[in-house]
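Reviewing the structure listed below.
We name chains A, B, ... by the order of the sequence lines, and we start the count at 1 in each one.
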Amino acid sequence: MTQLKVYNSLSRKKEVFESITPGHVGMYVCGPTVSGESHLGHARPFITFDIVFRYLQYLGYKVRYVRNITDAGHFEEEGREAEDKISKKALLEKLEPMELVQKYTNMYHWAMRAFNNIDPTIEPTATGHIVEQIGMIEKIIADGYAYVANGSVYFDVEKYNDVFSKKGLPYGMLSGRILDDQLDSTRELENRDEKRNHRDFALWKNAAPEHIMRWKSPWGEGFPGWHIECSAMATKYLGAQFDIHGGGMDLQFPHHECEIAQSTVCNHVTPVRYWIHNNMITINGKKMGKSYNNVIKLTELFSGNHPALEQAYHPMTIRFFILQTHYRSTLDFGNDALKAAEKGLKRLWEAYENLDKIQSSAANAADTELDTKCVGLLNEFDEFMNDDFNTAKVLANMFELVPVINGIKDKHINQNALSAGTLKLLKEKMKTFIEGVFGLQNIMEQGNSKIDGVIHLLMEIRKEAKLRKDYVTSDKIRNELTALGVQLKDEKDGSMSYTLA
RNA sequence: GGUUUCGUGGCCGAGUGGCUAGGCAGAGCUCUGCAAAAGCUCGUACAGCAGUUCGAAUCUGCUCGAAACCUCCA
């Protein structure tokens, strides 16, 4: 079998994946800031890395998956005043900060479950790791890469860059930014900053008197900087150097760049072996953002309650839609595309369920050509996933298998076309990848036994009517049920089945 | 301005230097009392212009166009 290759943002190349500790993988993914409701933009990275998590486990790795909750609030670095998003929002909503954080954390968890994302193995909070963050900052100061100003602490980017460039680790190596070019153009000295340099970033920020969220530190009361929590928590749970760090492409600069700098100073080693970044989403071709007024919250997405949405979309439709695109491509959300995804998922799922209905007793395939083709398609599942998690290609193969499955079920294709062994492989692979690796679930409504009984009764009556050629009655049953969202299907063998829309 | 991406058939989207991606929609056919579902068949696409090459959608250059990041953001 081929080896897993991942695209490493750091080297800008696909690299063979080798974990630091054989059999184990440490993975850190930047989680949400819980100062507001989760939106569509959160869906992509968390689904993407859920697939990574699942696939690594499928490959047999024991994975420690750390995904943080940022509940301490970031502040605007360039703003005149430091601003804690959570403090601000808490005042606005008249909630205790932790009450606010709890509320949005719960909603976030609810959405993650709706997407069928597996919980990370550790989900640390920033507020729960103030001690670790302070400890890390102290180390950075002691090493001379940070300075204190008015109760705040800043990382000295220029010094870091000077020293570490000589070691081949310049600041900006992840995002391809060359510091010198940018520093020269830093002429906007409009605010008398505490920073020595425009590029310096805060490790700790002194809290203004009105700040609600504040902690004691060696430098006075304040709150941690934007970037330090990830470094502190990743180091604590995954060690000085770990395998995978994930997040959205927008975090590459400056967030991940700063993480690298902080951790490298503290731990004397670059923190991450493989950086994996998912691309962004757009909505009808436009970036999602407050300025475009097109931020779709997940609650709105699932309910269809948003001007940009023509209907509600099931979380599984979103998941499937995301899987149809490679994670490093931008993905455009539009109603037509989402509806297409919904139909596609239903078709795939029905074929998947039809698998249970077919059997083969053939030791040898009656149609060796088809048999060989199917085995090839199935084996490519692993090959494609090993090629930087190409879920889109795996789905394409699955759709090539759909007509084969349906054909056998409807007896267009010889019942023994596939050998018993191939059919077994087909069933196993489909189950493993659809449910296991992709984490897809049925989106068709499930009836209870009473509904099922009633519909079967109606199907019986319709069947009898048809035998009498009483098409008025049979059509009435069919049409009225269709109107209620129950679709009857006449099977080839004269039987009937139904699905709930 | 700097850093990055990207421009693929009606829509969404994979993709490798030469071999059909796939989904949705559309057309025809089979099945059916009629439908639906299912199956079969079909469009022969790769922004434009040059160049490299036996051969490029895939490599190079330029032009046009779009997006992201550089400031909170997934």
With a 4.0 Å limit, can you tell me whether [X] has a side-chain N or O closer than that to the phosphate oxygens OP1/OP2 of [N]?
X	N	answer
A:H42	B:A74	yes
A:N406	B:G39	yes
A:S329	B:A14	yes
A:H39	B:A74	yes

inquiry  = Return whichever of A:K469 or A:L488 has its heavy-atom-nearest nucleotide of RNA chain B closer to the 5' end.
reply    =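 Nearer the 5' end of the strand: A:K469.
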key: First encountered from the 5' end of RNA chain B, between A:Q487 and A:G247   =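 The residue whose closest nucleotide sits nearer the 5' end is A:Q487.
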key: Stems involving RNA chain B, each a run of at least 3 consecutive Watson-Crick or G-U pairs under 3.5 Å   =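 So far as stems of 3 or more pairs are concerned, RNA chain B shows B:1-7 with B:64-70, B:10-12 with B:22-24, B:26-30 with B:38-42, B:47-51 with B:59-63.
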For the base of [N], is there a side-chain donor-acceptor partner from [X] under 3.5 Å away?
X	N	result
A:D490	B:A35	yes
A:R347	B:C24	no
A:N390	B:G15	no
A:R478	B:A36	no

How would you label the contact of [X] with the nucleic acid (heavy atoms, under 4.0 Å): base, sugar-phosphate, or nothing?
X	result
A:M288	base
A:F321	sugar-phosphate
A:N479	nothing
A:G41	base
A:N397	nothing
A:A337	sugar-phosphate
A:E400	sugar-phosphate

ask   = Do A:H227 and A:F201 have their ring centres less than 6.0 Å from each other?
value =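 Yes, the ring of A:H227 comes within the 6.0 Å limit of the ring of A:F201, centre to centre.
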task = Over all heavy atoms of both residues, which pair between A:H256 and A:G248 is shortest? Give the atoms and the distance, please.
result =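 So the minimum-distance heavy-atom pair works out to CE1-O, 4.4 Å.
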Return the nearest nucleotide to the side chain of [X]; candidates are [options].
X	options	answer
A:A396	B:A38, B:A21, B:A74	B:A21
A:R462	B:A35, B:A38, B:G13	B:A35
A:I281	B:A74, B:G33, B:A38	B:A74
A:K343	B:G15, B:C73, B:C24	B:C24
A:S474	B:G13, B:G33, B:C24	B:G33
A:D332	B:A14, B:C12, B:A37	B:C12
A:A340	B:A74, B:A38, B:G23	B:G23
A:F253	B:C24, B:C12, B:C69	B:C69
A:H412	B:A14, B:G23, B:A38	B:A38
A:R199	B:C70, B:C34, B:C73	B:C70

key: Pairwise C1' distance for B:U20 and B:G9, with rounding to whole Å   =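 Pairwise C1' distance, B:U20 against B:G9, rounds to 14 Å.
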message = Please give the distance between the C1' atoms of B:G22 and B:G18 as a whole number of Å.
response =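 It works out to 22 Å between them.
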ask   = What ring pair (Phe, Tyr, Trp, His ring centres under 6.0 Å) pairs are there with at least one residue in residues 371-414 of chain A, not counting sequence neighbours?
value =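 Sorted pair list: A:F381-A:F433.
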Aromatic plane relationship, A:Y160 with A:F164 - under 30° parallel, 30 to 60° tilted, over 60° perpendicular =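 Aromatic pair A:F164/A:Y160 classed parallel.
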inquiry  = Students often mix this up, so state it plainly: with edges at 30° and 60°, are the rings of A:Y171 and A:F253 parallel, tilted or perpendicular?
reply    =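 A:Y171 vs A:F253 ring planes: perpendicular.
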message = So, applying side-chain hydrogen bond (donor to acceptor under 3.5 Å, both in side chains) with A:R328, which one of A:D388, A:T48, A:N279 is it?
response =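 So, applying the side-chain hydrogen bond (donor to acceptor under 3.5 Å, both in side chains) to A:R328 and each of A:D388, A:T48, A:N279, only A:D388 qualifies.
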request  = Indicate whether any N or O donor in one side chain lies under 3.5 Å from an N or O acceptor in the other, for A:Q311 and A:E342.
outcome  =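 Their side chains do contain a donor-acceptor pair, which is all the 3.5 Å distance test asks for.
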query = Does the side chain of A:Q487 pick up a donor-acceptor pair with the side chain of A:T482 at under 3.5 Å?
reply =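 No, A:T482 and A:Q487 have no side-chain donor paired with an acceptor closer than 3.5 Å.
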Aro-ring/base stack A:Y471-B:G33, d under 5.5 Å, angle under 30° =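 Check passed, A:Y471 stacks on base of B:G33.
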inquiry  = With ring-ring contact (aromatic ring centres under 6.0 Å, His included) as the test, pick out the partner of A:F321 among A:F333, A:Y313, A:F115.
reply    =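 Among A:F333, A:Y313, A:F115, the one meeting ring-ring contact (aromatic ring centres under 6.0 Å, His included) with A:F321 is A:F333.
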